[in-house]
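Below is one structure; the comments refer to it alone.
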Amino acid sequence: MTRAPSGQPATAKAAKSGPTRATTTHAAGVAFVGTGPGDPELLTVRALRLIEDAEVLITEAPEHRDLIARVRGVDAVESEQGPEVVDGGFGEDGQPLTHAARAKVVVKQAKRGLRVVRLLSGDPFLYASGPEEAQAVAKVGLAFEIVPGVSSVGAVPAYAGIPLTTKDHREVAVVTCGDRVDWSRYGASSTLVLLSAVGQIGDIAKDLIAAGRSPETPVAMTRVGTTTEQQTVTSTLARIAADARAARIAPPAITVVGQVVDLRATLSWFETKPLFGWRVLVPRTKEQSATLSASLRHYGGVPEEVPTISVEPPRNPQQMDKAVRGLVEGRYEWIAFTSVNAVKAVREKFEEYGLDARAFSGLKIAAVGDKTAQAIAAWGLRADLVPSGEQSAAGLLEDWPEYDEQLDPINRVFLPRADIATENLVAGLIDLGWECDDVTAYRTVRAAPPPAPTRDAIKTGKFDAVVFTSSSTVRNLVGIAGKPHPSTVIAVIGPATAKTAEEHGLRVDVMAPKPDVDLLVEALADFGAARRQAMLEAGDPVTKPSDRKASGRRRKAE
């Protein structure tokens, strides 16, 4: 076993919460931070650091709370020690605040002498209330800074696969479509980027044709760009008004006019992701859903986490207390962690007793898989044994050494686990000559049912896919919310979970090649890519599973 030198983790943490924080942000005042066009991954590095370090965060849109949770973590935002979140967009009556009212909210918070971050959609100084609010802060003599957001002018066309300039098209003009635009000035062949053009696009197109542009000039209109709801319609000046109406394009949208639009056919990268726009149900515990959700977003999915299992302390903690005391006293040769939750439970017990990683000195550590080993590493420890093959209790037993009284001074193993864990690992260790203290470290109980709209979405097929990471998530989801609709793609992490799903009347479409969360998402993405390609080859429009309700479960992809 290898462990970090004594004291180092605590020292590093202290450094991060002390001088490092002061050097990355302002001491007091307000940072006006642009959050960009929609995708939270487009935050600038400066914006990210300020949000991470803020004591007060002032929002203006509902999605800003989700952005804060992604940056700071859900638990941090909900805890008393987390940042204070203030609504700067809407009043108590639910109506949008005026620029002057927003400025008052910002000044009130700034006067508290805390690190305040004011989040603004897009850019603080472009079609936003940033200038008025910054002037109000300056008027009372407080410091402020402006952190620009990524501009939708370039970002949205880029996410649609449309470059604004190329070696053959080097001129571009950005036009805000008001009542008095002289469109005769834009009759040349330069690329046009039109803002706020949705309602007027028919008249604009006619004026551009009258100014000399060909009726066949390519046009693309992209709504809610850079988000997983992004939708792009490509057409021509002659037909864009009718095509936009047929596609129900509504603001906000960016319109590009010019030959560069034709490049979308080969450069579209975002809307062609294998799970683009798929609404994916993630029935897991809060603690375990972050990695899975991040992987789904990478492939264009929209994860919706529904807790189906609640992790709680054991009803009788005395058994765990006794085992931890035995660990400190050198009673065990091994400790075997079979889940991330087991690591968390033992760590919390250590903190309760004022112990740290030094108590593991001389003890061998086993982890059931890579994710559990990572949780151990985050504690400053290293697992001595991780399965070389299947990452499961059976895989762990395959590599576990037999007890040798000549080499092993102690023959006892500490196994902290869930109350519903199987007995296979214990029986296998006994067969290898070890004595095992099988201790309930935590309980898994069924969570409360999700809200009625979520239950309805599950039953009526409004989810495109559901990913099951254990048999218990299958049983508990069906128990608290009912069976997913037959059109919903069912993805499972392994054979045991697949069997449970089938026992509950579900047809499994996707199974991970190994019981690993990342491989499960990759398998679902491969399924989505194959499904999309089949539609394209058949000449059919690309749809999501929720777009058309099949009468029966589709055949499993080969």
Side-chain angles (χ1 to χ4, degrees), residues 37-39 42 150-177 181 183-274 276-277 300 529 532-533 535-543:
D39 184 353
L42 293 181
V150 172
S151 173
S152 61
V153 170
V156 172
Y159 268 57
I162 302 171
L164 298 184
T165 63
T166 67
K167 64 182 180 62
D168 299 320
H169 302 88
R170 303 188 62 82
E171 294 184 9
V172 60
V174 181
V175 184
T176 301
C177 302
V181 177
W183 293 105
S184 65
R185 297 168 51 197
Y186 302 104
S189 60
S190 61
T191 300
L192 297 182
V193 180
L194 309 181
L195 310 180
S196 306
V198 175
Q200 309 171 54
I201 192 60
D203 293 335
I204 293 171
K206 291 177 182 177
D207 289 341
L208 287 173
I209 293 172
R213 297 234 177 191
S214 167
E216 297 305 308
T217 301
V219 181
M221 185 176 287
T222 303
R223 65 177 294 273
V224 289
T226 79
T227 75
T228 49
E229 296 178 17
Q230 176 175 309
Q231 178 187 5
T232 301
V233 170
T234 55
S235 184
T236 63
L237 282 177
R239 295 185 294 275
I240 183 59
D243 289 345
R245 281 196 302 272
R248 298 182 180 179
I249 298 293
I254 300 286
T255 303
V256 180
V257 180
Q259 296 302 319
V260 293
V261 171
D262 287 339
L263 293 173
R264 170 176 160 81
T266 54
L267 297 181
S268 179
W269 63 274
F270 185 56
E271 293 170 63
T272 56
K273 287 189 172 186
F276 180 77
R532 185 178 191 279
Q533 187 61 33
M535 290 179 179
L536 292 173
E537 291 175 355
D540 296 330
V542 176
T543 60

Hey, does the side chain of Q230 reach the backbone of T226 with a donor-acceptor pair shorter than 3.5 angstrom? yes
Side chain to side chain, T191 and T165, heavy atoms closer than 4.5 Å: no
Which is it for T232 and Y159 under the side-chain contact (heavy atoms from CB on, under 4.5 Å) test, yes or no, and what are the steps along the way? CA-CA 10 Å; T232 301; Y159 268 57; over 6 Å; no
What's the separation between atom CD1 in I240 and atom CZ in R245, rounded to the nearest 0.5 Å? 10.0 Å
Of all the heavy-atom pairs spanning A241 and G202, show the shortest one and how long it is. CB-CA, 3.7 Å
When rounded to the nearest 0.5 angstrom, what distance separates SG in C177 from CD1 in I201? 7.0 Å
Using the side-chain contact (heavy atoms from CB on, under 4.5 Å) criterion, which residues pair with S196? Sequence neighbours excluded. none
Whether the side chain of T217 engages the backbone of R213 through a donor-acceptor N/O pair (distance < 3.5 Å, no angle test) should be reported. no
The reported gap from OG1 in T543 to CE in M535 (rounded to nearest 0.5 angstrom) is 3.5 Å
Kindly indicate whether the side chain of L263, heavy atoms from C-beta on, has any atom under 4.5 Å from the side chain of I162. no
Test side-chain contact (heavy atoms from CB on, under 4.5 Å) on I209 and K206 and set out the steps. CA-CA 5 Å; I209 293 172; K206 291 177 182 177; 5.8 Å; no
Check R532 with E537, please: is the shortest side-chain N to carboxylate O separation under 4.0 Å? no
Are V542 and F276 side-chain neighbours, meaning at least one heavy-atom pair lies under 4.5 Å? no
At their closest point, which heavy atom of A155 faces which heavy atom of V150, and how far apart are they? CB-CG1, 3.8 Å
What verdict does the side-chain contact (heavy atoms from CB on, under 4.5 Å) test give for V260 and T166, after you've listed the backbone C-alpha separation in whole Å, the side-chain angles of each residue and the deciding distance to 0.1 Å? CA-CA 8 Å; V260 293; T166 67; 4.3 Å; yes
Side-chain donor or acceptor of R264 paired with backbone N/O of T234 under 3.5 Å: no
Side-chain contact, heavy-atom cut-off 4.5 Å: T236 with V219? no
side-chain contact (heavy atoms from CB on, under 4.5 Å) partners for T227, two or more places apart: V224, E229
What do the steps show when you test L208 against L192 for side-chain contact (heavy atoms from CB on, under 4.5 Å), and what is the final call? CA-CA 11 Å; L208 287 173; L192 297 182; 3.9 Å; yes
With a 4.5 Å cut-off on side-chain heavy atoms, are I254 and L195 touching? yes
Quick check: does any side chain N or O of R170 sit under 3.5 Å from a backbone N or O of S190, one acting as donor and the other as acceptor? no
S214 and L237, any side-chain heavy atoms less than 4.5 Å apart: no
If I compare all heavy atoms of T228 with all of G300, which pair ends up nearest, and what's the gap? CG2-O, 3.6 Å
Are R223 and P251 close enough that some pair of their side-chain heavy atoms sits under 4.5 Å apart? no
So which atom in A160 and which in E271 form the shortest heavy-atom distance, rounded to 0.1 Å? CA-OE2, 4.2 Å
D243-S235 side chain donor-acceptor pair, cut-off 3.5 Å: yes
How far does OG1 of T222 sit from CD1 of I249, to the nearest 0.5 angstrom? 8.0 Å
Counting only N and O atoms by type, is there a donor-acceptor contact under 3.5 Å from the side chain of W183 to the main-chain atoms of A205? no
